[in-house]
Structures are given as structure tokens and as C-alpha cells.
Amino acid sequence: DTGVSQNPRHKITKRGQNVTFRCDPISEHNRLYWYRQTLGQGPEFLTYFQNEAQLEKSRLLSDRFSAERPKGSFSTLEIQRTEQGDSAMYLCASSLFRVGQLSGYTFGSGTRLTVV
Amino acid sequence: KNQVEQSPQSLIILEGKNCTLQCNYTVSPFSNLRWYKQDTGRGPVSLTIMTFSENTKSNGRYTATLDADTKQSSLHITASQLSDSASYICVVSPFSGGYNKLIFGAGTRLAVHP
């Protein structure tokens, strides 16, 4: 499978616990994105990386959220001290960015987080 | 106010029928408009991508149209199948120099019944 892989698919955690999600993008893609999607809504941008550099973070990404892409390949998204409002689907996407070219985005199947 | 509005919010049609989903946007200037299909519990899958200079793009039974003057797009599904049951999301990218930010609509939930 050469698509975008996300693990775990589902995560149930107690409020106040920390959770970490992993995303493995398409290997030749240089950009990686994290989105959050709540029921009945479209995905909302959280952050993105070009190679290992985190180039933009949304205001949605509070201090409790941190994302890394240490070697420019896979990425992790950590949420500390989870709150019930963090319950959502967390989607990862990757793309091959080239200046002047339109990039296609490939999404993973997401990690559904439930905070109880 | 959402920059990308989709209608209807939900739609039920019978298998074999055609349907058209609408997308109105206020993003300006914009670079491109995409339609995605999202099955329940899965990530979005790209159907079509149109730049601001394109009027129509087809992908099998899916045909997207774009009117950049009125800032409207539509997705037409022909001869619907049960597997078309999903959410269809309109996504607009503004000109931003670097990152092509994707602005998502809330989607139209389509149910195709036998």
C-alpha cells in the first residue's frame, strides 16, 4: 500500500491523558499536513511541514498540541492533557510540492479520538 | 461566515438517478477548486481539481463545473450507484504564495437508495 497511513485508527482516552498519533505519508511527498474534522464539518487545517520544517500552524493548534516530522518522513501529532473538546477525527495528508505546479493531496483514513 | 458554502446539506436519491451538488464560495482571489468524496470513517479522496481558468472537469460519472465570475461550482453525478453514498466536499484554495491552503466546505451527505 503506497497511500498515507495513520495509526491508530481509533483512540479512546480519559480526559487529562496525553495521546500521540502517527502519520506515514507517501514516500516521495515532501509536504505533510494535519487536519481536524468534527462530525458534519469539513476538515480544518492544523499545521503543515515541508520536509522536516514546520512552516505554518493554525490558531487552532493550542499549546497542548505539538507536531513533529523529525526526518522529513513520518510525522507525529501529540495532544497533552486532552479535553473533551479534542474529540474529533485527525486527518493527515501529503503532497508533492513543486513551484508552479498544482499539487494533489492524498489523505489518510484518519485517527478518530474520543476523550471521555 | 464560512468561505465555502455547500447545498444541499443532505440528499437522498434512488439508484440510477442523477444529482447535482452545489458549492458557493467567497474566497478571492482563488487558485483552484477541488471536489472530494469522503466515505464514512475514511479520509477524503480527490474527484476533480479545476484551476480558476477551467469551466468543467470530468472523472467518470462525476462532472464538476466552475463559474469563477459568480463564484459557483457544481458536481454532477450521473447514473448514481449505491457506492456513491458518501459526503462530497468542495474545497477552495486561495492564492497564498507558498502553501496552497485548502478551505473546506461542510460537505453534502448523499445517500443512494436501491
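Every chain is numbered from 1, with letters handed out A, B, ... down the list of sequences. When reading the values below, keep in mind they use all heavy atoms of this one structure, side chains included, and skip hydrogens, waters and symmetry mates.
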Describe, in one word, how the ring planes of Y35(A) and F45(A) are oriented to each other, choosing from parallel (under 30°), tilted (30 to 60°) and perpendicular (over 60°). perpendicular

Reported CD-to-CZ distance for the pair E68(A) and F49(A), which is rounded to 0.5 angstrom: 7.5 Å

Return the orientation label for the F107(A) and F104(B) ring planes: parallel under 30°, perpendicular over 60°, tilted otherwise. perpendicular

Among the options R42(B), R109(B), Q9(B), Q6(B), pick out the one with the most heavy-atom pairs lying under 4.5 Å from chain A. R42(B)

Measure up the Y105(A) and Y33(A) rings against each other and bin them: parallel (under 30°), tilted (30 to 60°), perpendicular (over 60°). tilted

The interface call for Q50(A) against chain B, heavy-atom contacts under 4.5 Å, is neither

Sort T51(B) into side chain, backbone, both or neither according to what part of it lies under 4.5 angstrom from a heavy atom of chain A. side chain

Just give me the residue among G42(A), S109(A), G110(A) that pairs up with chain B most often, heavy atom to heavy atom, under 4.5 Å. S109(A)

